[in-house]
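Worksheet: the structure to be examined is printed underneath.
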Amino acid sequence: MPDPNTAIPHYDLAVVGSGIVGALTAHHAVRRNPGLRVLVLTHASRGTGATRLSAGFDTPTGHSAAQRALAARSTALFAELAAELPDVQREPVDTYWLVGRATAAALHTSMADGGRTSAVDRDGRQLLTETFPGLAHGDDEVVRASAPMTVGRPQALADQLLDRVLSRPGSALLEGFRVTAVRRAGGHIELVAADGSRVTADKAVVAPGPWALDGPVARAARDRGARVKKVVAFHIMSPPPPHAPALVFEDADAFLLPHHPGGHWIFSVTSPDWDRGPDEPLAIDARDRSLARALLERHVPGFLPHLLGGRVFSDCFTPGHLPIVDTVDDDDVVMAIGGSGSGYRLAPAMAEDALNLLYGGTRS
Ligand SMILES: Cc1cc2nc3c(=O)[nH]c(=O)nc-3n(C[C@H](O)[C@H](O)[C@H](O)COP(=O)(O)OP(=O)(O)OC[C@H]3O[C@@H](n4cnc5c(N)ncnc54)[C@H](O)[C@@H]3O)c2cc1C
């Protein structure tokens, strides 16, 4: 009788998730150890998930020391990637911050690189009024300038990273494999799919993005306080000028970002729709629209007629908006969850932390 187990494919590392966190994890893993056989698994097709719709804005800020450390480490890792990849899909964007006078000091504290904002000079004021029609704010608010931030294309970067991983012998991508369980069996980590099929690996990283509450780490994620929430970024259908800056509404957790490839602006707002998972019908609704309209009416009324459509998806939010990267029931299984609407900019450090836990036993 042949041993049925011999037919089960085995890898050194299994990465559940082909979004930006999974792609960076797989890429870091083969960069550290070029001989590693990595299997990336996705429940649908490559490119399904929050990463595909991400605005890709990277402001290296954090509201806690831990978040700032992740942001700073991610910035350093993005710089390493930029030196390695021919086109890392990241561009600087001049950035201005509209902030309450009372909270301006907190903005400085939140900057992971120790950066400061400065008063807007005459050229800056002219640029702002030319770019943001009707720009206005209350006497208790102020617009400040900072060093340029970065805008990336998260899906293009994830694709590029995955292509590099998959070009190595022994590594593979498995699509349409919805992992329902990750467990130790027969000396390996076994990943079981919804249809009962299985693969094994020595170690596994589970990076399921907004599906965190619905898959193999659901219980652990819930135990750690993870929830899901709708994330909305409107489109302002007006072409941004070539060197248009971004404008962050710091106290409203919103921003206007030029999106040159699409010929429009991205207007990210904080949708109040909690507990909306990625498999539910997700739409930009009247509540999101009135929230966006209220902000524009107050600050950039000239954009109101151009507020049309946008991007909507779900993301996994964790307490304090601090990603959770930790082992789950086994030292060889790590979950990396909790992008909390900032999962692109924090993904490099999340991926590194996951691998440090599996291979180095440390956290950065
Ligand atoms: C509209 C919008 C705008 C955003 N803008 C920004 C921004 O400007 N800056 C920023 O930093 N962040 C932003 N974000 C957040 C950021 O995009 C996400 O936090 C990040 O993309 C999450 O990446 P991920 O790899 O964890 O998840 P995803 O990209 O969602 O990938 C999850 C992967 O896991 C797989 N998967 C899940 N469960 C299973 C399972 N059981 N079996 C097999 N595979 C599974 C999926 O198939 C998918 O491949 C935005 C998000 C949205 C929706």
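Positions are given from 1 along the sequence. Atoms within a ligand are numbered from 1 in the order they appear, just like the ligands themselves.
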Open item on the list: Check this for me, if you would: do Arg73 and Asp353 make a salt bridge, where the nitrogen-to-carboxylate-oxygen distance has to be below 4.0 angstrom?
Closed with: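 Answer for the salt bridge query: no.
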Task: Under-4.0 Å salt bridge between Arg153 and Asp159 - done: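 Here Arg153 does not pair with Asp159 in a salt bridge, since their nearest N and O are not under 4.0 Å apart.
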TODO: Scan for salt bridge (charged side-chain N to carboxylate O under 4.0 Å, His left out) pairs involving residues 305-320, sequence neighbours excluded, and state none if there are none.
DONE: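 Matches after skipping sequence neighbours: none remain.
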Open item on the list: Going by salt bridge (charged side-chain N to carboxylate O under 4.0 Å, His left out), name the pairs with one or both residues in residues 29-44, residues two or more places apart or in two chains.
Closed with: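 Residue pairs with at least one partner in residues 29-44: Asp12-Arg37, Arg31-Glu80, Arg31-Glu84.
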Open item on the list: Ring-plane angle category for Phe303 and Phe132, please: parallel below 30°, perpendicular beyond 60°, tilted otherwise.
Closed with: perpendicular
- [ ] State which residues pass ring pair (Phe, Tyr, Trp, His ring centres under 6.0 Å) with Tyr11; sequence neighbours excluded, sorted by chain then number.
- [x] none
- [ ] Would you please write out the protein residues whose heavy atoms approach any atom of ligand 1 to under 4.0 angstrom, listed by chain and number?
- [x] Val16, Gly17, Ser18, Gly19, Ile20, Val21, Leu41, Thr42, His43, Thr48, Gly49, Ala50, Thr51, Leu53, Ser54, Ala55, Gly56, Phe57, Phe177, Arg178, Val179, Ala207, Pro208, Gly209, Pro210, Trp211, Pro216, Val231, Phe255, Arg311, Phe313, Asp315, Gly339, Gly341, Ser342, Gly343, Tyr344, Arg345
